[in-house]
Amino acid sequence: MNVGDRHFRTIWVNEDGWGVDIIDQRWLPHEFRVETLRDVKATATAIRDMWVRGAPLIGVTAAYGMALAMRADPSDTALDATWERLHATRPTAINLKWALDGMRSFLRPLPEAERAAAAYRRAGELADEDVELNRGIGRNGLAVIREIAGRKKPGEPVNILTHCNAGWLATVDYGTATSPIYLAGEENIPVHVYVDETRPRNQGAQLTAWEMAGHGVPHTLIVDNAGGHLMQRGAIDMVIVGTDRTTANGDVCNKIGTYLKALAAHDNGVPFYVALPSPTIDWTISDGLRDVPIEERADEEVSLVWGRDADGEVRQVRISPEATPAANPAFDVTPARLVTGLITERGIAAASTDGLKALFPEKVAAA
Ligand SMILES: CSC[C@H]1O[C@H](OP(=O)(O)O)[C@H](O)[C@@H]1O
């Protein structure tokens, strides 16, 4: 999307033709930094330490990591070692395994001499496909926003709450949860977005707010715990979030805190939508609470917080006693019963096995 007057994707091949450039999201919104990944080690670090993050972007980054690996050593041994090394970086987003499996299956039959060029080509195709999937999600989600707008007074905005960052920064471009919001702006449908700060890493405050500001979308930053209060007072017309892994029956794993938003939405009759491209669906499981691995991240992410000080320095500060331990589950699971609809590139599915089967019969048959 646009950064100032320039269009950016979140990941692209460097002008040298082989390095992989990424936006290092750790420094946003204070600094816009581009880093070049030149080997698998750097790619693993970028994913694990969340220089890049968001399920679809993690998958595409891993695909380019495979290309970097094949450029250095196109052997089967390197292919398998790269799969293992990148797969171990983060356990929850299924897009990581989906991309690694796809790249390895694609590359394995090829002669070693052809693997590097083919890997870069395939990674580029996955990046382009992600953009198209997100545009499709945008068109299908726009119908929901348009319908709500039709019930409001002229000029009154559709008030949308979103959690974490499922924006263009979480994908190659356009985002998932934000794609309908951006399209609504292009259609001059008035929207206003309540942005959950999303502790502990504040992807909402640092990334979604930056995206909204950058695209002139009216928005208000709120603490995570304010969402239920706003829903009780009729201030929220719909919730739309992303997901890192959705099960074949519609259970939704997403950033920690999503489940609480879904409970509040259900209690207040607020529609709760999940925007997702089909690579984020894990067709092999049907019990999110039991089967989705929840990433436990470092407790420092809870005890320390990043920000810019009065001197303009970006630094971390401690917010809790040194002696206080912290727990940091990075995701939770929202049961399908709390989900109004799954907004995919093919349409809006009920959060159920039948709902997903109706849109993706071939995926269910293959599982
Ligand atoms: C479009 S997927 C975005 C999804 O990924 C985020 O997790 P993280 O920032 O830890 O990679 C969050 O769960 C978002 O909803």
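Order of appearance sets the numbers: ligands from 1, and atoms from 1 within every ligand. Quick caveat: nothing in here was measured; it's all calculated off a predicted structure.
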Among all protein heavy atoms, pick the one closest to [atom] and tell me residue, atom and distance.
| atom | result |
| --- | --- |
| atom 5 (O) of ligand 1 | Asp244 OD2, 3.0 Å |
| atom 3 (C) of ligand 1 | Asn165 O, 3.5 Å |
| atom 15 (O) of ligand 1 | Asn254 OD1, 2.5 Å |
| atom 12 (C) of ligand 1 | Cys164 SG, 3.4 Å |

Which atoms of ligand 1 sit under 4.0 Å from any heavy atom of [X]?
| X | value |
| --- | --- |
| Thr243 | 2 (S) |
| Ala170 | 1 (C), 3 (C) |
| Thr176 | 1 (C) |
| Pro56 | 1 (C), 2 (S) |
| Arg90 | 8 (P), 10 (O), 11 (O) |
| Gln203 | 8 (P), 9 (O), 10 (O) |
| Arg53 | 6 (C), 9 (O), 11 (O) |

Geometric N/O contact Lys255 with ligand 1, under 3.5 angstrom: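 Looking only at distances, the answer is yes, because the N/O contact criterion of under 3.5 Å is met.
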Any N/O pair Met50/ligand 1 closer than 3.5 Å: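 No, there is no polar N/O contact under 3.5 Å.
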Polar contact flag, side-chain donor to acceptor under 3.5 angstrom, Gln203-Arg53: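 No - no donor-acceptor pair under 3.5 Å links their side chains.
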From CA spacing to verdict: side-chain hydrogen bond (donor to acceptor under 3.5 Å, both in side chains), Asn165, Thr208: CA-CA 5 Å; Asn165 173 255; Thr208 302; 3.0 Å; yes
Residue pair Asp173 / Arg9: nearest heavy atoms and the distance that separates them: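 It is OD2-CG, 4.1 Å.
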Minimum-distance pair of heavy atoms, taken over all atoms of Ala264 and Met231: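 Result for this residue pair: C-SD, 3.6 Å.
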Aromatic ring pairing Phe32/Trp210, orientation class (parallel under 30°, perpendicular over 60°, tilted between):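 Ring orientation, 0 to 90° scale: parallel.
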Aromatic plane relationship, Trp83 with His87 - under 30° parallel, 30 to 60° tilted, over 60° perpendicular: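 Parallel.
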Distance flag, aromatic centroids of His266 and Phe272, threshold under 6.0 Å: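 Judged by ring-centre distance (under 6.0 Å), Phe272 and His266 do not meet the cut-off.
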Nearest-0.5 Å distance that lies between atom OG in Ser352 and atom NZ in Lys357: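 Answer for the OG-NZ pair, Ser352 versus Lys357, is 11.0 Å.
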Test side-chain hydrogen bond (donor to acceptor under 3.5 Å, both in side chains) applied to Asp21 and Asn14, step by step: CA-CA 6 Å; Asp21 287 349; Asn14 183 281; 3.1 Å; yes
Nearest-option assignment for atom 2 (S) of ligand 1, heavy atoms, candidates Ala330, Gly242, Ala166, Ala55: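 The nearest heavy atom belongs to Ala55.
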Qualifying residue for side chain to side chain donor-acceptor pair (under 3.5 Å) with Asp237, from Lys152, His192, Arg151: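 Going through the options one by one, the only one that passes is Lys152.
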Leu276 near ligand 1 by a heavy-atom separation under 4.0 Å: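 Leu276: no contact with ligand 1 (<4.0 Å).
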